[in-house]
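To start, the structure itself, in structure tokens.
Per chain, numbering begins at 1; letters A, B, ... match sequence-line order.
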Protein chains: 2
Amino acid sequence: MAAETRERILEAARLTVQDRGYGGLSFRELAAEVGIKSASIHYYFPTKGELGGALASRYTADFAAYLDALLEQELDLPTCMARYTDVFGNTLRNANRICLAASLAAELSELPDEVRIEVARFGRMNENWLARALSAGVAAEPEECRRRARAIFAAVTGAQLIARARGDTALYDEVIASYRASGLLP
Amino acid sequence: MAAETRERILEAARLTVQDRGYGGLSFRELAAEVGIKSASIHYYFPTKGELGGALASRYTADFAAYLDALLEQELDLPTCMARYTDVFGNTLRNANRICLAASLAAELSELPDEVRIEVARFGRMNENWLARALSAGVAAEPEECRRRARAIFAAVTGAQLIARARGDTALYDEVIASYRASGLLP
DNA sequence: CCGTGTCTACCTGACGATAGATAGTCATTG
DNA sequence: CAATGACTATCTATCGTCAGGTAGACACGG
């Protein structure tokens, strides 16, 4: 039970931000969900900015761990990409939530610096991973891989956002299929 | 000066939401920008939800008007698409703002119903327009046009979001170029 | 084995700031 | 005169934050 409360706070905070944004996250509501008092959250995270930073940092780390394990399976490129887009698809299907970084990016000017930095880090991490995955599959030049990686990350993020805005999860899969058909997605 | 204040409120509110999200919009700050008192805004928009709804509705209408005028110019398809992506690019270059609907979509669960409805309407409008533009240029079947239209709208939205998150406007143009190179964008 | 000190993991209670909202007032304009 | 458009003043709710307290666990010197 030691550091478990800290985990539960981070988990609950993540789910809230993915659904309602950084502004929709309040210490009191969060505390009620976890089953403690709001002041206790300050014990673990002195300020909201530190909570947001820890949250985003953790998110990137978890995401990266999953993706790296995926790359080690040495799947063929289309399957690997399908797994990648599935991560975002599952988030969407799971109570209509979007990528934490996308949620935060929309409110960028409202964020403390430490959170903003983490949002950018998440983007770079995805870009790096995608570039690696692409270069392993096709013999394209590094710069072309990087450009394509950015495009894929942006496109997948957008698909998630507009599918949710329309309240239709199936739209995500349809858009991803269209990306594949057009040649954007291997 | 009659209905002019109302316009100034809507304009200022739009800029704020595009930068800081719906939650970042407050009556007091907005009033200060316009040069009136917060109570006076309630005269025009009794609740925040009504302000948000009017704002999003106006945004969609203005956007649609511009796009329809674009279509009437009967440009070739690549040029037409370039004009379309330029709209989002200009928004981004203009003080690092994103599409109003994308900003709102990220906070979807925080929005009053009337605003949520308008966000979905904006998406449908873009999809409809893009489908029309595509069908005028290439002899593709209607359903294929629609799917492609959705994909383009999603991809462009995503490009805007991640370019801002990374704090690099040039990233948007690069991603758009990559969409074109991969075949997603005509 | 007892007492003292320190640490963890919370809690109570309150702070000032700010949020959206409203009732009532008043000057200007047609 | 009556409608319009803005005002003052205030309400209640909620926000992040903080000072300070407490119950229990653990270590250690005598």
Checklist entry - Do the numbers put B:Lys37 on top of the ring of B:Phe27, so that NZ or CZ is under 6.0 Å from the six-membered ring centre and no more than 45° off the axis? => result no
Next on the checklist: Give the residues of residues 11-26 of chain A touching DNA chain C, defined as any heavy atom closer than 4.0 Å, sorted by residue number.
Outcome noted: none
Checklist entry - Side-chain donor-acceptor pair under 3.5 Å between A:Thr91 and A:Asn94, yes or no? => result no
Item to check | side-chain contact (heavy atoms from CB on, under 4.5 Å) involving A:Pro46 - partner list, sequence neighbours excluded | outcome: A:Glu50
Checklist entry - How many Å lie between CG on A:Leu30 and C1' on D:dT17, as a whole number? => result 15 Å
Under-3.5 Å N/O pairs linking protein and nucleotides 11-14 of chain C:
| residue | atom | partner | partner atom | Å |
| --- | --- | --- | --- | --- |
| C:dC11 | OP2 | A:Lys37 | N | 2.7 |
| C:dC11 | OP2 | A:Ser40 | OG | 2.6 |

Item to check | Residue pairs passing the salt bridge (Lys or Arg N to Asp or Glu O under 4.0 Å) test where at least one lies in residues 14-28 of chain A, sequence neighbours excluded | outcome: A:Glu11-A:Arg14, A:Asp19-A:Arg164, A:Arg20-A:Glu29, A:Arg20-B:Glu110
Checklist entry - Does A:Thr5 put a side-chain nitrogen or oxygen below 4.0 Å from OP1 or OP2 of C:dC10? => result yes
Checklist entry - Do any side-chain nitrogens or oxygens of A:Tyr44 fall under 4.0 Å of OP1 or OP2 in C:dT8? => result no
Item to check | salt bridge (Lys or Arg N to Asp or Glu O under 4.0 Å) involving B:Arg93 - partner list, sequence neighbours excluded | outcome: B:Asp173
Checklist entry - When the distance from CZ of B:Arg6 to P of D:dT4 is rounded to whole Å, what number comes out? => result 14 Å
Checklist entry - Once you round it to whole Å, what is the distance between P of D:dT17 and CZ of A:Phe45? => result 13 Å
Next on the checklist: Nearest whole Å is fine: how far is D:dC11 P from B:His42 NE2?
Outcome noted: 16 Å
Item to check | Contacts of A:Glu33 that satisfy salt bridge (Lys or Arg N to Asp or Glu O under 4.0 Å) - sequence neighbours left out | outcome: none
Next on the checklist: Taking salt bridge (Lys or Arg N to Asp or Glu O under 4.0 Å) as the definition, give me every residue that meets it alongside B:Glu107, ordered by chain and number, with sequence neighbours left out.
Outcome noted: none
Checklist entry - Within this structure, what is the CD-to-P distance between B:Glu110 and C:dG20, rounded to whole angstrom? => result 12 Å
Checklist entry - Excluding sequence neighbours, so at least two apart, what forms ring pair (Phe, Tyr, Trp, His ring centres under 6.0 Å) with A:Phe63? => result A:Tyr59, A:Phe88, A:Phe122
Checklist entry - Could you give the CD1-to-C1' distance, from A:Ile41 to D:dT17, as a whole number of Å? => result 12 Å
Next on the checklist: Taking salt bridge (Lys or Arg N to Asp or Glu O under 4.0 Å) as the definition, give me every residue that meets it alongside B:Asp68, ordered by chain and number, with sequence neighbours left out.
Outcome noted: B:Arg132
